[in-house]
Amino acid sequence: MSTNKITTQKVNFKVFRFNADEDYLPYYEDYSMDVTSEEVVLDILNRIKWDYDGSFSYRRSCRHGICGACAIKVNGRSTLACKESMSTMIEYFGNDLTIEPLSTKRAIKDMIIDKADFWEKHAAVTPYLAADIDECPTCENLVSPHDAEELNEADLCIQCGACHYACPAVEINSDFFGPAAFVAAYRFEADIRDSDAERLINVNEEKQGVWDCVKCFECAEVCPKDINPIEKITKLHQMAFKKGVAKNNVATRHAVGFLHSIKKHGVLDEGGLVLYSEGPSIVKHIPVALQMFRKGKIIMPWNMPKSDNLDEIQKLIKSSSTVKF
Amino acid sequence: MKKLKYALFTGCTAKQSTPEQMMSTLAVARKLNIELIELTEASCCGASHLQDYDDFLSLVLNARNIAYAEKHGLTMVTICNTCQLNTAMTKHRLDKNPELKAKVNEKLAEVGLEYKGTSNIIHFLYAIIDDFGLDKIKKMVVKPLSQFNIAPFYGCHNIRPSELHDESHKQKENPYNPTSLDDLIIACGGMNVEYEEKNKCCGFHVELQAPHTAAVLTGNAIAGATDNNADMMVTPCPLCHLKLDTQTKHASEAIGREVSLPVLHMQQMVGLALGCTPAELGLKHHVTEVNFI
């Protein structure tokens, strides 16, 4: 039993309303209620439906943070309604809260959205075990605790979509698989029983794959299961190099280019990195580079700064490198 | 108050594409009587890309940088959000995993160094706010920026992951509604602009591999600030600054609307309020002209 005293405070809700069958545009309805510190966001959705408007629509099922149905946005933050306490929301955003579906442009009715893009991308990463397993085994296929740990909790994902619809790259680039699909891909790539040779190649393709991740950490911040999707994205990058499926393109050269620069100068050679990554395509950067040059923002190669004790850095690169490209 | 003293990890851009950031950092430190010992031995932090290729190497190199700060017995101060992320993340991972720490130290021993975990790592923004103090800044302002609406642009890697932020800094920051930079704007006499993109991504890290995504994010940020009557933007991150300052043409094309605002480094804003000259703060090094001085 919690010993915290239950407190009550007035909260003003601005709630997104829309019925795709009837409304030309969405609108917002205001509700004001006394909210107790024990309530979760789902309690508020229920109270709107039960006490104010029976037509208010939202998805919910388990109420225990496991079915992933009730993810919505509060003040722009993706959240799992049944798990998120109102006191946290008030602490984050104060007493004026805006309740919206995960993606307003995908709204069907109120909080209910069309998650088709989410599921298409999920399916596109073959999110299941591909293994040649004896149909009549004589013993169990055991996975050691150490190997199971490699999944890094990726199998805890409940496909709620909180990270997917918080990801800015998903909003801009409709081909991009997004953090949830990458977590699913990682889940099986990290499984020692899996033998799918295509998945890792697939999630490393340009436009759709991990290289278009903008590294904003929004996914890590919102995940209600603390799965840390960007950590899995990083691991998929690393796996591509380790398993030799990383293609030679601008994205992979951009990562490897750092090593070359550090080896030579200790610090990054900005111009050198762009040249190494882009190759002949560097010409497209010339107009901006000229502007920068005029403002004293470009260092000539002969003036490149170097780290002191560069020999230490070079020695460490030699002894600590674990990958070859 | 005892004189504040830190080990300064400049990062790479301060010595190359954002010289004005280095100049203004030193100018502000002089004004505030903060001593900065530059870690001239430091390497690049890998800018959140090296670890995609070789995670262990990235850890070793970052641990080496921290080891130099530890040798001075000083807290490390970063002036780039991504340096802050990579360095603080290294510290976080090594401090909670003794086995990994031992492996890294085995390598560092080859060059006579050791990562102990004794130096904290903070961004200069929080050194000013937490350690120096906003009230003291307020009292030192000689040229308040009172006629300006200033849009704070926080940059991802200073506020997310929030656990890492809160582990490194005294002041907790709400990743959905950060306030430190807003508070600093107000302390400098300016009006802080509220807008949706203030805690969003600028797109810097995918500029080469996903130029359209990067340009839209930059465009949205400047447009959001403009639509809320900002006269200028301010950021603690030189990478965000590079995007917002130098990429306005691509950003405008990507969002189908002309956008451009002067963008100050956080240090330049403080410097202006404290009476530093535009020359001291390197204002001539901006691509989008700072035309209000």
Side-chain angles (χ1 to χ4, degrees), chain A residues 75-77 92-93 168-169 172-173 176 206-207 211-218 220-221 228 234 237-238 241 249-252 254-256 258-259 261-262 266-268 270-271 274 277-278 287-288 291-292 295-299 305 307-309 312-313 315-317 319-323 325, chain B residues 11-13 15-19 40-44 46-57 59-61 64 85 104 107-108 110-113 156-157 160-162 174-177 196 200-201 203-206 208-210 212-214 216-217 246-247 249-250 282 284-287:
Chain A
N75 285 34
R77 183 212 192 238
Y92 270 151
F93 302 117
I172 296 167
N173 169 7
F176 186 60
E206 287 176 273
K207 277 294 244 187
W211 295 101
D212 279 41
C213 165
V214 297
K215 297 175 183 289
C216 66
F217 285 76
E218 295 266 13
E221 202 62 50
N228 196 354
T234 305
H237 282 120
Q238 294 160 2
F241 286 113
N249 59 31
V250 61
T252 53
H254 186 217
V256 181
F258 276 85
L259 175 65
S261 216
I262 295 170
V267 295
L268 176 70
E270 295 172 334
V274 179
S277 310
E278 293 279 20
V288 172
Q291 282 181 315
M292 291 174 68
K295 298 294 184 175
K297 283 176 162 298
I298 303 247
I299 297 281
S307 303
D308 289 350
N309 303 359
E312 278 176 21
I313 296 169
K315 200 170 168 188
L316 287 173
I317 289 176
S319 75
S320 311
S321 287
T322 58
V323 195
F325 182 55
Chain B
C12 305
T13 55
K15 296 292 182 72
Q16 293 175 63
S17 54
T18 57
T40 51
E41 307 88 350
S43 71
C44 171
S48 87
H49 294 285
L50 180 63
Q51 92 274 10
D52 288 346
Y53 175 58
D54 192 334
D55 188 48
F56 183 68
L57 179 62
L59 280 175
V60 170
L61 292 174
R64 175 181 171 275
L85 169 75
V104 165
K107 299 296 175 190
L108 289 181
E110 292 170 11
V111 294
L113 290 168
C156 301
H157 294 167
R160 286 184 294 268
S162 55
N174 175 347
Y176 304 103
N177 186 21
E196 207 178 301
K200 296 286 190 291
C201 172
F204 180 85
H205 289 283
V206 291
L208 299 185
Q209 58 265 46
H212 178 70
T213 301
V216 171
L217 289 170
T246 73
Q247 298 290 332
K249 189 168 169 283
H250 292 149
K284 65 170 187 181
H285 289 295
H286 293 225
V287 168

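Quick note on labels: first sequence line is chain A, next is B, and so on, each numbered from 1.
Here A/Ile313 contributes atom CD1 and B/Arg64 contributes atom CZ; the two are 4.0 Å apart, rounded to the nearest 0.5 Å.
Of the listed residues B/Gly112, B/Ala210, B/Pro161, the one with more heavy-atom pairs under 4.5 angstrom with chain A than any other is B/Pro161. In terms of heavy-atom pairs under 4.5 Å with chain B, the best-connected choice from A/Leu268, A/Val250, A/Asn228 is A/Leu268. Each of A/Arg77, A/Met292, A/Glu278 has some count of heavy-atom pairs under 4.5 Å with chain B, and the biggest count is that of A/Arg77. Heavy-atom pairs under 4.5 Å with chain A peak, among B/Pro19, B/Cys201, B/Ser48, at B/Ser48. Contact tally against chain B (heavy-atom pairs below 4.5 Å) for A/Asn173, A/Ile299, A/Thr322, A/Asn309: the top residue is A/Thr322. The candidate from B/Leu108, B/Thr213, B/Leu113 with the greatest count of non-hydrogen atom pairs under 4.5 Å with chain A is B/Thr213. In terms of non-hydrogen atom pairs under 4.5 Å with chain B, the most contact-rich of A/Val274, A/Asn75, A/Val288, A/Ile298 is A/Val288. When each of A/His254, A/Glu206, A/Gln291 is scored by its heavy-atom pairs under 4.5 Å with chain B, the top score falls to A/His254. Between chain B and the residues A/Asp212, A/Asn249, A/Thr252, the largest count of heavy-atom pairs under 4.5 Å involves A/Asp212.
When B/Leu57, B/Leu61, B/Asp54 are each tested for a side-chain contact (heavy atoms from CB on, under 4.5 Å) with A/Leu259, only one passes: B/Leu57.
For A/Glu270, the parts lying under 4.5 angstrom from a heavy atom of chain B are both the backbone and the side chain. Residue contact with chain A, scored on non-hydrogen atoms closer than 4.5 Å, involves the side chain of B/Gln247 exclusively. Looking at A/Ala220, there are no atoms closer than 4.5 Å to chain B (heavy atoms on both sides), in backbone or side chain. For B/His205, the parts sitting under 4.5 Å from any heavy atom of chain A are the backbone and the side chain alike. There is no contact between A/Phe176 and chain B, counting heavy-atom distances below 4.5 Å. Using a 4.5 Å cut-off between heavy atoms, B/Val206 contacts chain A through its side chain alone, with no backbone atom that close. Only the backbone of B/His286 comes within contact range of chain A, with heavy atoms under 4.5 Å apart. Heavy-atom distances place the side chain of A/Ile262, and not its backbone, under 4.5 Å from chain B. Of the two parts of A/Phe241, only the side chain, counted from C-beta on, holds a non-hydrogen atom closer than 4.5 Å to a non-hydrogen atom of chain B. For A/Ser277, the part lying near chain B is the side chain, with the backbone staying farther off; criterion is any non-hydrogen pair under 4.5 Å.
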Evaluation steps, salt bridge (charged side-chain N to carboxylate O under 4.0 Å, His left out), between A/Lys315 and B/Glu110 | CA-CA 8 Å; A/Lys315 200 170 168 188; B/Glu110 292 170 11; 5.8 Å; no
Would A/Lys297 and B/Thr18 satisfy side chain to side chain contact (heavy atoms under 4.5 Å, CB included), going step by step from the backbone distance to the final call?
-> CA-CA 6 Å; A/Lys297 283 176 162 298; B/Thr18 57; 4.0 Å; yes
Stepwise side chain to side chain contact (heavy atoms under 4.5 Å, CB included) check, B/Lys200 with A/Glu218 = CA-CA 9 Å; B/Lys200 296 286 190 291; A/Glu218 295 266 13; 3.7 Å; yes
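Taking every heavy atom of both residues into account, B/Tyr53 and A/Val323 meet most closely at O-CG2, 3.1 Å. The minimum heavy-atom distance between A/Ser319 and B/Lys107, with the atom names listed, is O-NZ, 3.1 Å.
No side-chain donor-acceptor contact under 3.5 Å links B/Lys15 to the backbone of A/Pro305. Using modelled atom types, one side-chain atom of A/Ser307 and one backbone atom of B/Ala42 make a donor-acceptor pair closer than 3.5 Å. Side-chain N or O atoms of B/His285 include one that pairs as donor or acceptor with a backbone N or O of A/Lys295 at under 3.5 Å. Side-chain atoms of B/Asn177 do not come within 3.5 Å of backbone N or O of A/Phe93 as any donor-acceptor pair. Side chain of B/His212 to main chain of A/Ile172: no donor-acceptor pair is present (N/O by atom type, distance under 3.5 Å, no hydrogens or angles).
A heavy-atom distance below 4.5 Å is not found between the side chains of B/Ser162 and A/Phe217.
Note on ring orientation: taking the six-membered ring where Trp is involved, the planes of A/Phe258 and B/His49 are parallel (angle under 30°, cut-offs 30° and 60°).
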